[in-house]
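Keep in mind the model is a prediction, meaning the values are calculated, not measured.
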Amino acid sequence: MSEHEEPQRHEETGRDTGTDTGTDDVLAEVGPRLRRIRKERGATLAGLSTATGISVSTLSRLESGLRKPSLELLLPIARAHQVPLDELVGAPPVGDPRIRVAKPIVRYGRTHWPLTRQPGGLQAYKVLEPQRRLEPEPRTHEGYEWLYVLSGRLRLVLGEHDVVLGAGEAAEFDTRVPHWFGSTGEGPVEFLSLFGRQGERMHVRARPKGSGRGD
């Protein structure tokens, strides 16, 4: 008996009560895929056995679905066929990464597009502030916020600081510090806002108007 063969009957039949339905479906497709790849390369079970050190009977049971595939068996088969391991297993398709943007929310004349799907934790928004000049009304609350300007100019009042951010500039701050941000009145401004009530910390800081780029 070779090192790849094990006498446990439940492994040869592929009956493993610990696997879920999705895993069983994936494993059931491995055998036919192994047979197809071998035949496409014109290989015989005997030839594959010589190349991998796996017995012909084990290879036959793998292809017929009577032997549960394992990494120990699939790795030498992948090397012999010179194919990636995921080609034998059948890697699941990559899900659509696009975010389906929710219906925009308008608050106090400012439009917010939610970019996060799950409630709680870090929340992301795309925000459009129309051209208008408002009197700053700083406020405080628990959390941490990060802003990134996409276009236009964003005025940020933070504690004793009064700064203006242009396109490509970012700011981060503890929202327990009195703060306010909005249009400079020179035109509309579009920006991204990331907010976390748990105080998630970002890594880019704004520079005061007229200063250098250091912290």
Side-chain angles (χ1 to χ4, degrees), residues 1-104 113-126 143-146 148 150 168 170 172 192-204:
M1 182 179 295
S2 78
E3 62 178 2
H4 298 290
E5 293 187 88
E6 298 177 12
Q8 289 90 351
R9 181 175 177 81
H10 70 278
E11 288 195 3
E12 293 189 357
T13 60
R15 296 175 183 174
D16 185 346
T17 57
T19 58
D20 57 27
T21 302
T23 301
D24 288 339
D25 291 343
V26 172
L27 295 179
E29 295 297 323
V30 173
R33 190 174 293 109
L34 290 174
R35 181 182 291 109
R36 174 180 57 78
I37 292 174
R38 177 176 61 80
K39 289 186 175 182
E40 286 176 351
R41 283 156 175 73
T44 64
L45 286 174
L48 186 58
S49 175
T50 300
T52 61
I54 302 172
S55 71
V56 170
S57 61
T58 297
L59 292 172
S60 177
R61 291 200 301 273
L62 277 173
E63 291 188 359
S64 62
L66 296 177
R67 177 66 183 264
K68 178 179 172 182
S70 66
L71 191 61
E72 182 185 17
L73 294 171
L74 294 180
L75 278 175
I77 295 175
R79 285 195 294 265
H81 289 321
Q82 296 184 337
V83 297
L85 182 62
D86 59 4
E87 187 171 332
L88 299 184
V89 178
V94 177
D96 189 341
R98 294 174 295 178
I99 297 174
R100 305 301 178 184
V101 179
K103 183 178 179 180
W113 286 268
L115 300 178
T116 39
R117 300 171 177 171
Q118 301 297 328
L122 195 65
Q123 297 296 305
Y125 299 89
K126 178 183 175 183
Y144 211 85
E145 188 147 5
W146 183 85
Y148 179 83
L150 297 170
E172 65 164 349
L192 299 177
S193 169
L194 276 69
F195 172 72
R197 295 187 182 279
Q198 293 76 24
E200 290 88 344
R201 185 172 180 79
M202 310 303 173
H203 302 287
V204 182

Checking [X] now: which residues fulfil side-chain hydrogen bond (donor to acceptor under 3.5 Å, both in side chains) with it, not counting sequence neighbours?
| X | answer |
| --- | --- |
| Arg38 | Glu63 |
| Lys126 | Glu190 |
| Ser193 | Glu145 |

How close do [X] and [Y] get, heavy atom to heavy atom, and via which atoms?
| X | Y | answer |
| --- | --- | --- |
| Ala80 | Thr52 | CB-CG2, 3.8 Å |
| Ile77 | Leu73 | CG1-O, 3.3 Å |
| Gly143 | Phe195 | CA-CE1, 3.9 Å |
| Tyr125 | Pro114 | CD2-CA, 3.7 Å |

Before you tell me yes or no, could you show the steps for Arg67 and Ser60 under side chain to side chain contact (heavy atoms under 4.5 Å, CB included), namely the whole-Å CA-CA distance, both residues' side-chain angles and the distance that decides it to 0.1 Å? CA-CA 9 Å; Arg67 177 66 183 264; Ser60 177; over 6 Å; no

Taking the side chain as every heavy atom from C-beta outward, state whether Leu34 and Leu74 have any pair of such atoms under 4.5 Å apart.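 Of all side-chain heavy-atom pairs linking Leu74 with Leu34, at least one is under 4.5 Å.
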
Is the closest side-chain heavy-atom distance between Leu150 and Leu192 below 4.5 Å? yes

Atom NZ of Lys68 and atom CG of Leu62: how far apart are they, to the nearest 0.5 Å?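 Nearest 0.5 Å value for the NZ-CG distance: 12.0 Å.
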
Who pairs with Leu75 by side-chain contact (heavy atoms from CB on, under 4.5 Å), at least two apart in sequence or on another chain? Leu71, Arg79, Leu85

Please set out all donor-acceptor pairs under 3.5 angstrom arising from side-chain atoms of residues 40-47, sequence neighbours excluded.
from	atom 1	to	atom 2	distance (Å)
Glu40	OE2	Arg36	NH1	3.1
Arg41	NE	His81	O	3.1
Thr44	OG1	Gly47	N	2.9

